[in-house]
Amino acid sequence: VLVLVLSLAWLGLAVGGEEEDGEVVAEEEEEGDDEVLSDELKEEDGVLVLHEHNFARALSEHQLLLVEFYAPWCGHCQRLAPAFAQAAAALRDESSPARLGKVDATVQTALASEFGITSYPTLKLFRDGNRTHPLAYTGHMDAKGIVRWMERRAGPSATLLQDADTAAAFVGSQDVVVVGFFKDLESEAAQVFYEVAGEVVDMTFGVAEAAEVFEAYGLSADTVCLFKKFDEGRTDFPVDPARGLDAAELTQLLRVHRLELVMEFTNETSDHIFGAKIPHHMLLFLNKSSSGQLALRDGFRAAAGTFRGKVLFVVVDVAGYGADVLPFFGLTPADAPTLRLVKMENNRKYQMDQDVFSDTAIRTFVQGVLDGKVKPRLLSAEPPEDWDTRPVKVLVGKTFEQVAYDETKNVFVKFYAPWCSHCQAMAAAWEELGERYKDREDIVIAELDATANELENITIHGFPTLHYFPAGPGRKMVEYKSNRDVETFSKFLENGGTLPEEPPAVSEPPPDPRAGDPHPGQGSPQPSL
């Protein structure tokens, strides 16, 4: 499952994410008459159970309190629960001042409204009892990530290196460390460095101001240095005296340069590969058991340095960890060795007319893509023999244009993923819609598997996505964002691709936890690895 989720970062789509709730500020559900809530702090699996009567007490008693606002029916919340409990136990075992708490936002609607909770789970950090400015959680949603994030906020974000010997030991202690050299640790630039150190919890940070440490590393001015036990060994980022340090810029530079010039796609590196947010990935698919194919890495590596920060070069072993991502590129192990370049913002894939593995050929190809001189290669499945005789027409990449942009038809298309639970939940309704309109000459109900087919001018960001293509010239497209039921679909179609005005709705009950997606107009959202 992990490989599938990670590979979807190259697919441009995600299974997980946050689940949104339409309205969390409705009237609070009445508590049962037999339950009287007090300010007592109770726990479940080491996590404080919080509500409006004990929330203030929890803030006053705990210097650092990370609170999860959740909904009991939310699948993402259910998956997070064991990790959240593990993190709570780990922090307690370390005697950390940090504690974890949780709020059922579907019941404690006053708290949900106060803190602007609109999706689940939402995690917020409350420090020193401050209720008005909680900090949004930015770490990984697993036990290790939560513990690291909280530890970085419980203690100093960077270790003070008081002399050259201490600095040398620190630099040699790990494969990658970052040291900020500042002549004044109270300076604005140093404070920005501390801020970055607090956020980038998967790297180790140190600071130095002593003259002997500056001298030991050949520095005379404020500089951030990234030390690594590979490639060039050290990368310096001098602090501009006029501009100072920009937190976002420094964070991105560190994420880029902490990577090896050529990464191998593995379970250990995948988070770093996608977390660096480098806009293009150049992939060499090979079989590591073949010495001949392994030799191709030399030319690949020689080309990589030219594009550092713009293109990340990655080796994918088709017989190892990378095997599961092959279908997303339309590849099989027999296709190795081969090259692909992926534009991350829209998942466009590019390939050479014929693979040439020299550094010169690779550089020329990559530069051509960056300059817009190379067109993407779009995946398309083969259409089923009866694709146009079914009530719901089955479209593929190569048949999409002729159907969707037929000027004599109004075409309603569902873009789906076979594994998507939201798509599965609405499948019966879509088939019923197809049956209802199968004899209409002017309306076509269709579907397209967006994991196996790519379109030049349409990028799908979530599942299911519904688009309506009205008859007539102009290649128009309307995204459907309302309820996923047959009657609402029909109203939309009969009204020419819009929904008639409805009278204001009376307050509705909470979403049915069995219904899947509480926002029927939205697909599975895009995540952040």
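All values reported here derive from a predicted model rather than from experimental measurement.
The main-chain N or O of L185 is found under 3.5 Å from a side-chain atom of Q191 such that the two form a donor-acceptor pair. A side-chain donor-acceptor contact under 3.5 Å links T122 to the backbone of S119. The backbone N or O of E40 sits less than 3.5 Å from a side-chain atom of N54, completing a donor-acceptor pair. With hydrogens and angles disregarded, no donor-acceptor distance shorter than 3.5 Å links the side chain of N495 to the backbone of G497. Judged purely by atom type and a 3.5 angstrom limit, S157 uses its side chain to pair as donor or acceptor with the backbone of Y194.
Between F115 and F126, the angle of the ring planes goes over 60°, which puts this pair in the perpendicular group of the 30/60° scheme. Aromatic ring pairs are classed by plane angle as parallel below 30°, tilted from 30° to 60° and perpendicular above 60°; the pair F463 and W419 is perpendicular.
A88 and G46 make their closest contact through CB-O, 3.6 Å (heavy atoms, listed as atom of the first residue, atom of the second, distance). Minimum heavy-atom separation, L250 to V224: CD1-CG1, 4.1 Å. Taking all atoms of both residues into account, the shortest heavy-atom contact from R308 to L259 is NH2-O, 2.5 Å. For the residue pair A381 and N453, the shortest heavy atom distance occurs at N-OD1, 2.7 Å. Taking every heavy atom of both residues into account, I458 and R348 meet most closely at O-NH2, 3.5 Å. Shortest non-hydrogen contact noted between L80 and P121 is CD2-CG, 3.9 Å.
Every residue two or more places apart in sequence or in another chain that forms a side chain to side chain contact (heavy atoms under 4.5 Å, CB included) with L253 is listed here: F237, E249, H257.
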Practice task
Mind running salt bridge (Lys or Arg N to Asp or Glu O under 4.0 Å) on D142 and K144 for me, showing each step along the way?
Solution key: CA-CA 6 Å; D142 56 40; K144 186 176 181 180; over 6 Å; no
Exercise for the section: Show your reasoning for whether ring pair (Phe, Tyr, Trp, His ring centres under 6.0 Å) applies to F193 and F205. Expected result: CA-CA 9 Å; F193 180 81; F205 289 77; 5.6 Å; yes
Handout entry: side-chain contact (heavy atoms from CB on, under 4.5 Å) between E209 and F182, worked out
Key = CA-CA 5 Å; E209 65 175 344; F182 300 99; 5.6 Å; no
Handout entry: Verdict with reasoning, T132 to N130, per side chain to side chain donor-acceptor pair (under 3.5 Å)
Key = CA-CA 6 Å; T132 58; N130 187 322; 3.0 Å; yes
Handout entry: Pair F412-Y480, side-chain contact (heavy atoms from CB on, under 4.5 Å): steps then yes or no
Key = CA-CA 9 Å; F412 201 11; Y480 177 90; 3.9 Å; yes
Exercise for the section: Begin with the C-alpha distance, continue with both residues' side-chain angles, and end with the deciding distance and a verdict on side-chain contact (heavy atoms from CB on, under 4.5 Å) for L161 and V207. Expected result: CA-CA 6 Å; L161 310 176; V207 289; over 6 Å; no
Practice task
Please step through salt bridge (Lys or Arg N to Asp or Glu O under 4.0 Å) for the pair D175 and R258, ending with a clear verdict.
Solution key: CA-CA 9 Å; D175 288 344; R258 65 94 47 87; over 6 Å; no
Practice task
Give the C-alpha distance, both sets of side-chain angles, the deciding distance and a yes or no for salt bridge (Lys or Arg N to Asp or Glu O under 4.0 Å) between E487 and R436.
Solution key: CA-CA 11 Å; E487 295 309 318; R436 182 174 295 191; 3.0 Å; yes
Handout entry: Step-by-step side chain to side chain donor-acceptor pair (under 3.5 Å) determination, T138 to E199
Key = CA-CA 7 Å; T138 56; E199 284 297 323; 2.5 Å; yes
Practice task
Take R99 and E43, measure what salt bridge (Lys or Arg N to Asp or Glu O under 4.0 Å) needs, and give me the verdict at the end.
Solution key: CA-CA 11 Å; R99 290 297 306 274; E43 297 183 5; 2.8 Å; yes
Practice task
Apply the test side-chain contact (heavy atoms from CB on, under 4.5 Å) to residues V239 and T223: give CA-CA distance (whole Å), side-chain angles for both, the deciding distance (0.1 Å), then the verdict.
Solution key: CA-CA 5 Å; V239 177; T223 306; 5.7 Å; no
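Judged by the 6.0 Å and 45° rule, R152 forms no cation-pi pair with W149. In this structure, K124 fails the cation-pi test against Y137, since its NZ or CZ atom is not both closer than 6.0 Å to the six-membered ring centre and inside 45 degrees of the ring normal.
Taking the six-membered ring for Trp and the full ring otherwise, Y416 and W430 have centroids separated by 6.0 Å or more. The aromatic ring centroids of Y70 and F84 lie 6.0 Å or more from each other.
Side-chain atoms of N410 and Y468 include a donor-acceptor pair closer than 3.5 Å. Between the side chains of E268 and Y321, no donor-acceptor pair is found at a separation under 3.5 Å.
Taking 4.0 Å as the cut-off between side-chain N and carboxylate O, E44 and K102 count as a salt-bridged pair. A salt bridge does not link R92 with E94: every distance from a Lys NZ or Arg NE/NH1/NH2 to an Asp or Glu carboxylate oxygen is 4.0 Å or more. Between R255 and D202, at least one side-chain N (NZ, or NE/NH1/NH2) sits under 4.0 Å from a carboxylate O, which counts as a salt bridge.
The salt bridge (Lys or Arg N to Asp or Glu O under 4.0 Å) contacts involving residues 80-91 comprise nothing, where partners must be two or more places apart or lie in separate chains.
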